[in-house]
Amino acid sequence: MNTQATLTAHFGYKLVDWYQSNSRDLPWRRTRDPYPIWLSEVILQQTRVVQGRPYYERFMQAFPDIHALAAASEKEVLALWQGLGYYSRARNMHATARTIVLEYGGKFPASYRELIGLRGVGDYTASAIASFAFDEQTPVVDGNVFRVLSRYYGIFEDIANPASRNLFKKAAAMAMPPGQAATFNQAIMEFGALQCTPVSPLCPSCPVNSTCYAFRHEAQSMLPVKNKKTQVKERHIHYVVLCRNGSIAMKERTGKDIWEGLFDFLEVEAGAAPDWPAVLPEDLARFSPTPVSGPAKHLLTHRRLLISFSMLELPETVSLPAELQWYTPGEIKELPKPLPINRFLKDFL
DNA sequence: AAGCCGGGGAA
DNA sequence: TTCCCAGGCTT
């Protein structure tokens, strides 16, 4: 065994050792059942454990197995997902539950190759399920793994470049102790989350600092290299809350846009003229809605939304624009809605 | 390869 | 403010 191979194997065993005494006790780590493992992995995509965990508990409570999830409506699933963001995860997860029930007889596919064919299951999630539930020797590469490996080995490849993923997968595979895929994969991610953190990593207490490139070269803050910056665009949205006899007009967002599948109000998006008065649809142009609140800032990763609300009591004689529908307060409670809509309903109605 | 898709917490 | 989180899909 050459020096490099010895070094990497040493690294993998050290991480596993570290994990045995430093890991958090998380519910999805107490099982080999692919259903809760898959559920937790989808919830935790781009999401911190502290943020995702309550959702995991609620989903397991509401849908204890794949059949329960498949039997639910997409609307129910989205409603439970409210506030977690990246709603396509919920829609894909629901579709995959139905696929597994209908095409796999309710039994989860048990290999990376099959898993990655499922909707909402990409390279990371397929490897995670395959290793955690089925002991397949396939390395996971997530944000934590990019960080740990780039620092330890001094890999300066841009992690935003999809091509560099293979390099990291090979490095992870070399470090993986034979027969310990599940533990090693958990270990390297947990190590990234708790020890080798993005800012101010805990190098003094790190078990592998003596052989870590970044520590030896004081390059922790330079790694991983990530060049692509997502630029944030501003977007002005004005909602006109149409009311009649205690009901409110809402619509489902259908286009390929933010909050697809969620419900909101009559929407007047202002391009060049960000502020009220917004231009109402032709049928409603003679009315003057009452401004209620906003514009309030709502930040997404890639958008800076400025949202304002006004209200209009719509006379019986005026018909509703086609895409809208009347909902009672009780019905509205059950609809999946974006966070700003929920905040408005809570504060002003 | 690049753009799109949420929301929150830490510094 | 900026960064990034147990990423994946579409174009």
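By convention in this document, chain letters (A, B, ...) are assigned in the order of the sequence lines, proteins followed by strands, and residues within each chain are numbered from 1.
Each of Ala126(A) and Leu299(A) lies near DNA chain C, and the nucleotide nearest Leu299(A) is the one positioned closer to the 5' end. Mapping Pro338(A) and Asn161(A) onto DNA chain B by nearest heavy atom places Asn161(A) closer to the 5' end of the strand. Mapping Ser200(A) and Lys337(A) onto DNA chain B by nearest heavy atom places Lys337(A) closer to the 5' end of the strand.
As judged by a 4.0 angstrom heavy-atom cut-off over every strand, Asn185(A) is placed among residues making no nucleic acid contact. Residue Arg343(A) is classed as a sugar-phosphate contact, given heavy-atom separations below 4.0 Å to backbone atoms only. As judged by a 4.0 angstrom heavy-atom cut-off over every strand, Leu339(A) is placed among residues touching the sugar-phosphate backbone only. Across all strands, Gln186(A) comes closer than 4.0 Å to base atoms (heavy-atom distances). Residue contacts for Gly83(A): at a heavy-atom cut-off of 4.0 Å it reaches the sugar-phosphate backbone alone, with no base atom in range.
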Each nucleotide N or O in nucleotides 9-11 of chain C that has a protein N or O under 3.5 Å away: list the pair and distance.
from: dC9(C); atom 1: OP1; to: Gly120(A); atom 2: N; distance (Å): 2.8

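Per the geometry, CD belonging to Glu190(A) stands 9 Å off P belonging to dA6(C), to the nearest Å. Rounded to whole Å, the distance from CG on Leu78(A) to P on dG6(B) is 11 Å. In this structure, Leu223(A) places its CG atom 12 Å from P of dC4(C), rounding to the nearest Å. In this structure, the CG atom of Leu305(A) is 13 Å from the C1' atom of dC4(B), given to the nearest Å. The separation between Trp259(A) atom CH2 and dC4(B) atom P is 16 Å, rounded to whole Å. Taking atom NZ on Lys229(A) and atom C1' on dC3(C), their separation rounds to 9 Å, with Å as the unit. Rounded to whole angstrom, the span from the OH atom of Tyr86(A) across to the P atom of dG6(B) amounts to 8 Å. One atom, CZ of Arg24(A), and another, C1' of dC5(C), lie 11 Å apart when rounded to the nearest Å.
With C1' as the reference atom, dG6(B) and dC5(C) are 12 Å apart, rounded to whole Å. dA6(C) and dA11(B) are spaced 14 Å apart, taking the P atom of each and rounding to whole Å. Comparing dG8(C) with dG9(B), their P atoms sit 24 Å apart, to the nearest whole Å.
Set against dG7(C), dA6(C), dC4(B), the side chain of Lys233(A) has dC4(B) as its closest nucleotide. Listed nucleotides: dC5(B), dA6(C), dA1(B). Nearest to the side chain of Pro162(A): dA1(B). Among dA2(B), dA6(C), dG6(B), the nucleotide with an atom closest to any side-chain atom of Lys228(A) is dA2(B).
Side chains of Gln82(A) and Asn342(A): a donor-acceptor N/O pair is present below 3.5 angstrom, by distance only.
Heavy atoms from other residues, nucleotides or ligands lying under 6.0 Å from CZ of Arg216(A) number 12 at most. More than 12 heavy atoms of other residues, nucleotides or ligands sit less than 6.0 Å from atom CD of Gln20(A).
Note: Tyr153(A) and Phe11(A) meet the aromatic proximity criterion, with ring centroids under 6.0 Å apart. A ring-centre distance under 6.0 Å is not found for Phe309(A) and Phe348(A). For Tyr35(A) and Phe63(A), the gap between ring centers reaches or exceeds 6.0 Å.
Of all non-hydrogen atoms in Lys14(A) and Val208(A), the two that sit nearest each other are CB-CG1, 3.5 Å. When every heavy atom of Leu115(A) is checked against every heavy atom of Pro109(A), the shortest pair comes out as CD2-O, 3.4 Å.
Donor-acceptor pairing under 3.5 Å, judged by distance alone, is absent between the side chain of Arg48(A) and the base of dA10(B). For a distance-only test at 3.5 Å, the side chain of Arg89(A) fails to qualify as a donor-acceptor partner of the base of dC5(B). Side-chain to base pairing of Thr125(A) with dG7(C): no donor and acceptor N or O lie closer than 3.5 Å to each other. Judged by distance alone with a 3.5 Å cut-off, no donor-acceptor contact links the side chain of Thr47(A) to the base of dG8(B).
Considering only side-chain N and O atoms, His298(A) lies nowhere under 4.0 angstrom from the phosphate OP1 or OP2 of dG6(B). Listed pair Trp81(A) / dG7(B) fails the phosphate criterion, with no side-chain N or O lying under 4.0 Å from OP1 or OP2. Contact annotation: Arg147(A) reaches the phosphate of dC5(C) (side-chain N/O to OP1 or OP2, under 4.0 Å). Side-chain nitrogen and oxygen atoms of His302(A) include none within less than 4.0 Å of the OP1 or OP2 phosphate oxygen of dC4(B). Residue Tyr87(A) has a polar side-chain atom (N or O) positioned under 4.0 Å from OP1 or OP2 of dG7(B). In this structure, Arg303(A) reaches the dC5(B) phosphate: one of its side-chain N or O atoms is under 4.0 Å from OP1 or OP2. Look at Gln46(A) and you'll find a side-chain N or O under 4.0 angstrom from OP1 or OP2 of dG7(C).
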Legend entry - Derivation of the salt bridge (charged side-chain N to carboxylate O under 4.0 Å, His left out) call for Lys251(A) and Asp264(A): CA-CA 6 Å; Lys251(A) 65 172 173 61; Asp264(A) 59 5; 2.7 Å; yes
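Through chains of ILVMFWY side-chain contacts below 4.5 Å, Tyr112(A) is grouped with Ile116(A).
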